[in-house]
Amino acid sequence: MEGICPHCESPARGDECDQGCNRHLEPGEILEPTCKICENKAEYREQEHFFFRLSSFRDFLLEYLETLEGTSNARNYAREWVNQELRDWCITRNLEWGVRFPGHDELVVYVWVDAPIGYISFTEEYCNNAGLDWKDIWQGDSSIIHFIGQDIAYHHCIFWPAMLKGAGYSLPKAVVASGMVKIDDKTFSKSRGYVVWVNDDYLDHGFQPDLLRYYLASYTSHTKDLNFSWKVFQEKVNNELVGSLGNFLYRTLHFTHKNFGEVPEGAVSDKVLDEIRSTIQKVTVAMEEYEFKKAIDIIMGLSAYGNTYFQSKEPWHLIKNDRVACAGVVKDCLQVAKALVLLFEPVIPTKMNEAWGHLGQKGDVSQMKYDEGLVELESKRPLPKPAILFTKIDDKKIDEMEVIMNKRIAEAMAKEEKSAPQVPVIPVVTFEEFNTMDIRVGTVVSAEAIKGSDKLLKLQIDIGEDIPRQVVAGIALTHVADELVGRQIILLANMKPAKMFGVESRGMILAADENGAVLLQPESKVENGTPIR
RNA sequence: AGCGGGGUGGGGUAGUCAGGAAAUCCCGACGGGCUCAUAACCCGUAGAUCCAUGGUUCGAAUCCAUGCCCCGCUACCA
């Protein structure tokens, strides 16, 4: 639907004045609404709909939001919504597709009614397979935590808790709302090609899932936008996962396997255990605050600690003349490695499960608690030959991925141009840009036809300079040379000089272009050279 | 326009709620070291008007006010 903005009279569409004042328009506010497709006028029709009595949940919501955990952006936003006005919520739509509204085949349920109920459905599905009871989660004492984009905060902080409350279900404990995902700093958009498909663009190209998990979890705090670019992806993987974490795990395990073949004897030093303990504490706090980026930074700090420890203790020297001291260093490093594997398991589970095996450990890491990182590795436990966990992504691979993306963007652009109505886009100019044009009033001193040309006249124009300007103008079809002499005109004086029919022209006369030229002139006579603004 | 979130070295990013000496970390640049490890790792150097202006304070990236810019939402797009 298109129409006119009631605030600034610019063309507006739908519910937003997108070309003018940018204001949001309520239904009915837009003037002269017409259908964009058939161009008929929009009209009001009467229909039966169903509403959820949201207004009666006001007190409940205000109280509930005070206790809701998660990010403050979601909570603050929802609180203001409820504070301002809580209207009853229309929960039916006249659409072909959707979940039919009971007893009314012509209506479907609004998607934000049935979509979150899907959370319950898939919990039930999961529980059925896992031998659990979904009611323990949705009707019992549980911790329900929603991870959402900030664009749907009000659905999850207002509508959904009200529905659950009304139905007597358990309420979400926390809502963690993150910024938007961007691709190459552009708004994520399937139609514009700014999209990375997990199957087609990632898994099918041989990228391992843990790498993307790491990128998403470690990029930034929840409240900021998360940008994805292949270049940054490569940098993060190569520097952080390969260079720091992977390298520490591998150099430690490889060195141990080569020189000892098993977990060496001796106790882990207190200093190292303290470092691990303090890391676990800090990570636990960060995780409880849902601050994944912070948690990962702390874990990576332990990895850096491990690398520095290995470097400064120089076990490759010790092995030659002090095997016992070397064993101590190795044991310390192995313990750090164990802690790293446990701490990183939630973020990069596949790789950490592999590493768990490299440490000679049995069982499922995901079932272990963080504190297992303080349990010293059992001496004499044989260690298998370790394998490299993460490999570098080379430039060529990244170039390939960028080509794929750029191609998709170009195709989307071409498609857009084809389908979009051909409205010429007139760029906006700044005052400074306008000021670059030297437009002045001048008087025609002389005018004559140019030999061999039907359209051109050669004019001499006085714009207050010592010598009149020579200008060639394409106005011969509408103007007789002699009648122009003495008339005032408007001249763009700093037009780039050009030659037409061998005659130099140093300016352009301004005219309205209506089936020929209609010359502009001042309202009243002014001095030659007067600038136009 | 209203409401919410954000603006920190060349790029990215932490710190802001609970003000405190020289502002974190990663990349990039420069110099050095090491050789167990995937040209990796370690040490060091340079680089920041912490969006702007004003205020509070012994002290402000941090608190307050105003302004500018970016993002999200505004109940019938999901």
At under 4.0 Å, does any side-chain N or O of A:Thr220 touch on OP1 or OP2 of B:A14? yes
Query - Short side-chain N/O contact to B:C17 OP1/OP2 from A:Ser72, under 4.0 Å - result: no
Would you please confirm or rule out a distance under 4.0 Å between OP1 or OP2 of B:A75 and any side-chain N or O of A:His24?
yes
For the C1' atoms, the ones on B:U24 and on B:U62, what distance do you get once it is rounded to whole angstrom?
15 Å
Applying the 3.5 Å cut-off to both distances, the Watson-Crick or G-U partner of B:A22 turns out to be none
Between A:His155 and A:Lys182, whichever has its closest RNA chain B nucleotide further toward 5' is A:Lys182
- Message: Tell me whether the side-chain N/O atoms of A:Tyr154 come closer than 4.0 Å to OP1 or OP2 in B:U74.
- Response: yes
To the nearest angstrom, the CG-C1' distance between A:Asn239 and B:C41 comes to 12 Å
Regarding the side chain of A:Ile388, the nearest nucleotide among B:C76, B:A78, B:U38 is B:U38
Rounded to whole Å, the CD1-P distance (A:Ile298 to B:C26) equals 15 Å
Residues of residues 302-320 of chain A with a heavy atom under 4.0 Å from any atom of RNA chain B, listed by number, are A:Asn307, A:Thr308, A:Phe310, A:Gln311, A:Trp316, A:His317
From the candidates B:G72, B:U38, B:G4, the one with an atom nearest any side-chain atom of A:Glu80 is B:G4
Do the side-chain N or O atoms of A:Asn76 get closer than 4.0 angstrom to the phosphate oxygens (OP1, OP2) of B:G5? yes
Ranking B:C26, B:A78, B:G4 by distance to the side chain of A:Tyr110, first place goes to B:A78
Against the side chain of A:Asn73, the closest entry in B:A14, B:U38, B:G5 is B:G5
- request: Would you indicate, yes or no, if B:G11 has its OP1 or OP2 atom less than 4.0 angstrom from a side-chain nitrogen or oxygen of A:Lys231?
  value: no
